[in-house]
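Let me begin by presenting the structure, written as structure tokens, before commenting on it.
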2 protein chains.
Amino acid sequence: MAENDIFRALADPTRRAIFEKLAAGSMNASALRRGMEISQPAMSQHLSVLRDAKLVRQERQGRFVNYEVDPEGLTLIVHWLAKYRTFWPTRIADLKVLLKEIDQ
Amino acid sequence: MAENDIFRALADPTRRAIFEKLAAGSMNASALRRGMEISQPAMSQHLSVLRDAKLVRQERQGRFVNYEVDPEGLTLIVHWLAKYRTFWPTRIADLKVLLKEIDQ
DNA sequence: AGGTTGAATAAGTCTATGCTTATGTATTGA
DNA sequence: TCAATACATAAGCATAGACTTATTCAACCT
């Protein structure tokens, strides 16, 4: 199930860190490892999980494989969240308010 | 970390099912079990994880403990998601569009 | 072709986690 | 006060998952 893949993927702090790094800018697997104390196979495995969850997507560029955020995964979360919007505090029930809040 | 608790809590399909059930209406632990083929201790443990993640909250009512959705957890996810809104497809970048979409 | 580099896969290990059974704790009511 | 009911906790087990080392695959370069 897609939901399952997504939440399981995000359940790991290392994977969230990888995702966050990619959100700041696409890069290849080696670049992602810099400053992260993680082995090459571990990174590869994490990227595989994120890819299955549609949180990232890849594109081979010669010897390198470039990774970037895949909007599809985020969309799935947005939809999951929207199901429960009746429980959102009124302060953020209108996302425009939230976005303004975040922008500051 | 709060984010960690939330995503780990939601990584389990049984817990998401429990959460969804509570979103449809508050109820006590026994009521939650109905139709769910889950032991009493397992339910209690799941509820404990959801509570730690601030996804549900409880209130003792005599012998029963009533559970309900805690908006705080959802708010945390909304904020997490908002960080990556630049990647949302333009179709749902404005939540008003999304909510209309979901309402139908 | 052969060596080098970037990345994926295989196989094994160790820990986290979701379950179980058993027991403990609260609250109610006879 | 004692039994029954609702729930929580303890302890143990079995599987999932995050790592490791070793190897393979793929693209580049000389």
Side-chain angles (χ1 to χ4, degrees), chain A residues 1-22 24-70 73 77, chain B residues 1-22 25-70 73:
Chain A
M1 198 216 301
E3 261 171 26
N4 211 55
D5 289 343
I6 290 208
F7 287 120
R8 287 199 320 112
L10 293 174
D12 183 78
T14 304
R15 277 194 293 268
R16 286 200 306 280
I18 293 170
F19 181 79
E20 193 155 355
K21 218 165 171 181
L22 281 178
S26 310
M27 65 186 94
N28 60 56
S30 300
L32 273 170
R33 285 183 61 205
R34 292 196 224 299
M36 278 206 72
E37 268 195 62
I38 184 174
S39 72
Q40 179 270 314
M43 174 59 79
S44 189
Q45 286 158 18
H46 280 309
L47 287 170
S48 167
V49 172
L50 289 168
R51 180 163 21 84
D52 290 349
K54 305 216 188 278
L55 283 164
V56 309
R57 57 191 177 193
Q58 63 196 186
E59 185 189 4
R60 186 167 267 280
Q61 278 173 359
R63 242 182 324 196
F64 298 79
V65 176
N66 203 263
Y67 282 88
E68 63 180 358
V69 168
D70 184 345
I77 306 180
Chain B
M1 201 216 301
E3 262 171 27
N4 210 57
D5 289 343
I6 290 208
F7 287 120
R8 287 197 322 114
L10 292 174
D12 183 79
T14 304
R15 278 195 291 268
R16 286 199 308 278
I18 293 170
F19 181 79
E20 194 154 355
K21 219 166 169 178
L22 281 177
S26 308
M27 64 186 93
N28 60 55
S30 301
L32 274 170
R33 285 183 60 206
R34 293 194 224 300
M36 278 207 73
E37 268 194 62
I38 184 174
S39 73
Q40 179 269 314
M43 173 60 78
S44 189
Q45 286 159 17
H46 280 310
L47 286 170
S48 167
V49 172
L50 288 168
R51 180 165 20 85
D52 289 349
K54 307 219 187 273
L55 282 163
V56 309
R57 56 190 178 194
Q58 64 196 190
E59 185 187 4
R60 184 166 269 279
Q61 279 174 359
R63 237 182 327 194
F64 298 80
V65 176
N66 203 264
Y67 282 89
E68 63 179 357
V69 168
D70 184 344

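Every chain is numbered from 1 and lettered A, B, ... according to where its sequence line falls, protein lines coming before strand lines. Model, not experiment: these values are computed from the prediction.
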Show me the donor-acceptor pairs within less than 3.5 Å that the side chains of residues 34-43 of chain B make with the rest of the protein, sequence neighbours left out.
| residue | atom | partner | partner atom | Å |
| --- | --- | --- | --- | --- |
| Ser39(B) | OG | Ala42(B) | N | 3.2 |

Scan Gln58(A) against the nucleic acid and name what it touches under 4.0 Å (heavy atoms): base, sugar-phosphate only, or nothing. sugar-phosphate

Tell me whether the OP1 or OP2 atom of dA6(D) has a side-chain N or O from Tyr67(B) closer than 4.0 Å. no

Identify every side-chain donor-acceptor pair in residues 54-64 of chain A under 3.5 Å, counting partners at least two apart or on other chains, and give the distances.
| residue | atom | partner | partner atom | Å |
| --- | --- | --- | --- | --- |
| Arg57(A) | NE | Glu68(A) | OE2 | 2.8 |
| Gln58(A) | OE1 | Arg51(A) | NE | 3.2 |
| Gln58(A) | NE2 | Tyr67(A) | OH | 2.5 |
| Arg60(A) | NH1 | Gly62(A) | O | 3.0 |

Output for pair (Leu32(B) CG, Leu22(B) CG), nearest 0.5 Å, gives 4.5 Å

For residues 2-18 of chain A, which residue pairs qualify under salt bridge (charged side-chain N to carboxylate O under 4.0 Å, His left out), counting only residues two or more places apart or in two chains? Glu3(A)-Lys83(A), Glu3(A)-Arg16(B), Arg16(A)-Glu3(B)

Asn66(A) CG - dA26(D) C1' separation (whole Å): 17 Å

Check whether any side-chain N or O of Asp70(A) sits under 3.5 Å from a backbone N or O of Gly73(A) as a donor-acceptor pair, and report yes or no. no

Nearest heavy atoms of Pro13(B) and Asn4(A), plus distance in Å: CD-OD1, 3.6 Å

Can you tell me how far C1' of dA26(C) sits from CD of Gln61(B), to the nearest Å? 15 Å

Could you state the atom-to-atom distance from CG of Asn28(A) to C1' of dT5(C) in whole Å? 12 Å

Whole-Å distance between dA8(C) P and Arg51(A) CZ? 7 Å

Between P of dA8(C) and CG of Leu47(A), the distance in whole Å: 7 Å

Nearest-angstrom distance from the residue atom CG of Leu50(B) to C1' of dG18(C): 13 Å

If a protein heavy atom is under 4.0 Å from the base, mark B; if only from the sugar-phosphate, S; if neither, -; do that for nucleotides 13-25 of chain D going 5' to 3'. ----SSBBBB---

Provide, to the nearest angstrom, the distance between the CZ atom belonging to Arg63(B) and the C1' atom belonging to dG29(C). 7 Å

Nearest nucleotide by nearest heavy atom, which residue falls closer to the 5' end of DNA chain D, Phe64(B) or Ser48(B)? Phe64(B)

